[in-house]
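The structure presented is a predicted model; accordingly, all values stated were derived computationally and were not measured.
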Amino acid sequence: MSDSNTTNFTNPSTFILLGIPGLEAAHIWISIPFCTMYAIAILGNFTVLFIVKREPSLHEPMFYFLCMLAVTDLVMSTSTVPKMLSIFWFNSREISFSACLTQMYFVHSLTGMESGILVAMALDRYVAICHPLRHSTILTNSVVAKIGLAVVLRSGLLVLPLPVLIRQWPYCRTNIIPHFYCRHMAVVKVACADFRVNSYYGLFDLFSEIGMDLVFITVSYTLILRAIFRLPTKDARVKTFGTCISHLCAISALYIPDLFSSLMLRFGHNVPLYVLILITGVYHLVPPVLHPIIYGVRTKQIRGKLLQLFTHKKI
């Protein structure tokens, strides 16, 4: 081990990312599905953005929010996966202290943004189903833009204290991070200081964003389901509920792995570290892969425009 890993220092010039400790021999094999999913995520989300931009009929709140989700997925996966693949393929483990904090900020703020966008999409479904005649007057382009700005500002400001606090701690034990990216708790645990403030604030951020968003989504869908059950015919109920299925799948793909991995990193002391890190990797790639597939398959307008596009090219 080099002296830089054991010498006293306040802010190290670099951190060393280990990738997935305990599975180093399998890094190349693990990289194959991760690289494949990343390529699918890039292609799928760019396809959604291209179709919505090209088709004026899709310029409405639901698809604006979907574009926000696609951009967030692209930036989220690109913030972590290229570095992870460079570790797996080229053993490029070093990351500068500033780059580490920047990566941490973007990853955690983008998680909150993605959650906020799902709340906005739940609001869109609520207005469309419970107040259909007022949908165009309630969710105007101006309102959609303000919602998007509020989502960005909320997440950006709430996450900002995390890297600011981390910059204050001394790192006198090691600069080795047993992870493939600079996750907040993984960085904090290598500091030689009482980092309970970071841990508590991290939990506050998790529950004030993800927790509150889940509450808003639950309330929205409770009201939506009540409105659906009041519809006069079974066919109408099934058709209306079908418009919500894709959004419910997207919610599950984001919240279940995120909450599980965040809580396990803090309290799952008996769970092998490589299992926790693999779950984190899945969380960073599965939603960006699933979102364009879910909305492409379940959303009639996008599916139709995509088929039309390929049919036109074939002709």
Side-chain angles (χ1 to χ4, degrees), residues 1-7 9 11-42 73-111 162-163 166 169 171 173-192 195 198 202 257-289:
M1 186 178 292
S2 66
D3 292 340
S4 66
N5 295 336
T6 57
T7 305
F9 46 83
N11 285 342
S13 59
T14 60
F15 282 119
I16 307 298
L17 298 171
L18 294 184
I20 305 179
L23 295 179
E24 288 87 354
H27 274 179
I28 293 295
W29 295 106
I30 294 172
S31 71
I32 296 173
F34 278 95
C35 182
T36 302
M37 287 192 291
Y38 180 57
I40 294 172
I42 295 293
D73 282 338
L74 287 168
V75 180
M76 167 77 84
S77 55
T78 303
S79 298
T80 56
V81 178
K83 181 60 181 176
M84 176 179 65
L85 293 178
S86 71
I87 295 171
F88 290 171
W89 292 345
F90 311 113
N91 203 32
S92 176
R93 301 176 184 272
E94 290 192 358
I95 184 170
S96 70
F97 186 71
S98 297
C100 182
L101 296 187
T102 301
Q103 184 189 53
M104 177 200 307
Y105 175 77
F106 273 101
V107 169
H108 289 282
S109 61
L110 286 165
T111 300
L162 295 180
I166 283 177
W169 302 134
Y171 296 85
R173 290 196 299 258
T174 181
N175 63 342
I176 297 176
I177 299 175
H179 216 296
F180 63 82
Y181 81 100
C182 292
R183 188 181 179 96
H184 171 236
M185 287 307 298
V187 177
V188 164
K189 286 180 178 179
V190 303
C192 55
F195 51 78
N198 278 75
D258 183 36
L259 287 173
F260 184 79
S261 63
S262 296
L263 295 175
M264 284 298 100
L265 277 173
R266 287 175 171 83
F267 308 115
H269 304 298
N270 296 324
V271 180
L273 181 60
Y274 67 85
V275 173
L276 298 178
I277 295 175
L278 283 173
I279 292 171
T280 304
V282 169
Y283 158 69
H284 280 282
L285 275 172
V286 169
V289 170

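Distance check, rounded to the nearest 0.5 Å: CG of L17 to CD1 of I176 gives 10.5 Å. For the atom pair OG of S86 and CD1 of I95, the computed distance is 9.0 Å after rounding to the nearest 0.5 Å. The line from CG of L278 to OG1 of T280 is 8.5 Å long, rounded to the nearest 0.5 Å. If you take CE on M84 and CH2 on W89, they are separated by 9.0 Å, rounding to the nearest 0.5 Å. For the atom pair E24 CD and N91 CG, the distance stands at 10.0 Å (nearest 0.5 Å).
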>> F15 vs V190, test: side-chain contact (heavy atoms from CB on, under 4.5 Å). Steps then yes/no.
In response: CA-CA 10 Å; F15 282 119; V190 303; 4.2 Å; yes
> Under the side-chain contact (heavy atoms from CB on, under 4.5 Å) criterion, do M104 and I166 qualify, and how do the steps go?
Replying inline: CA-CA 10 Å; M104 177 200 307; I166 283 177; 3.2 Å; yes
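For the side-chain contact (heavy atoms from CB on, under 4.5 Å) with T80, the qualifying choice from F34, F106, Y181, Y38 is Y181, the only one to do so.
Contacts of L162 classified as side chain to side chain contact (heavy atoms under 4.5 Å, CB included), with partners at least two apart in sequence or in another chain: V159, H184, Y201. In terms of the disulfide (SG to SG under 2.5 Å) criterion, C35 has no residue partners (sequence neighbours excluded). For Y105, the ring-ring contact (aromatic ring centres under 6.0 Å, His included) test picks out no residue, with sequence neighbours left out. For A39, there are no side chain to side chain contact (heavy atoms under 4.5 Å, CB included) partners two or more places apart in sequence or in a different chain. Legend: residues meeting side-chain hydrogen bond (donor to acceptor under 3.5 Å, both in side chains) with S92, ordered by chain and number and at least two apart, are absent. Every residue two or more places apart in sequence or in another chain was checked for a ring-ring contact (aromatic ring centres under 6.0 Å, His included) with H108, and none qualifies.
Nearest heavy-atom pair across L18 and P21 is CB-CG, 4.0 Å. Closest approach of I87 to G19, counting heavy atoms only: CG2-CA, 4.0 Å. Nearest heavy atom pair, residue C100 against residue V187, reads SG-CG2, 3.9 Å. The two residues P288 and L285 come nearest to each other via the heavy atoms CD-O, 3.2 Å. When all heavy atoms of P178 and L273 are compared, the closest pair comes out as CB-CD2, 3.7 Å.
I277 is not listed as a side-chain neighbour of L23, based on a closest heavy-atom distance of 4.5 Å or more. Side-chain contact between V107 and H284 is present, with heavy atoms from C-beta onward closer than 4.5 Å.
No close placement of the F180 and F88 rings is indicated, their centers lying 6.0 Å or farther apart.
In this structure a side-chain-to-backbone donor-acceptor pair under 3.5 Å is present from S31 to I28. Put simply, the side chain of Q103 gets close to the backbone of C182: a donor and an acceptor are under 3.5 Å apart. Under the 3.5 Å distance criterion, the side-chain polar atoms of H27 are matched with a main-chain donor or acceptor of I20.
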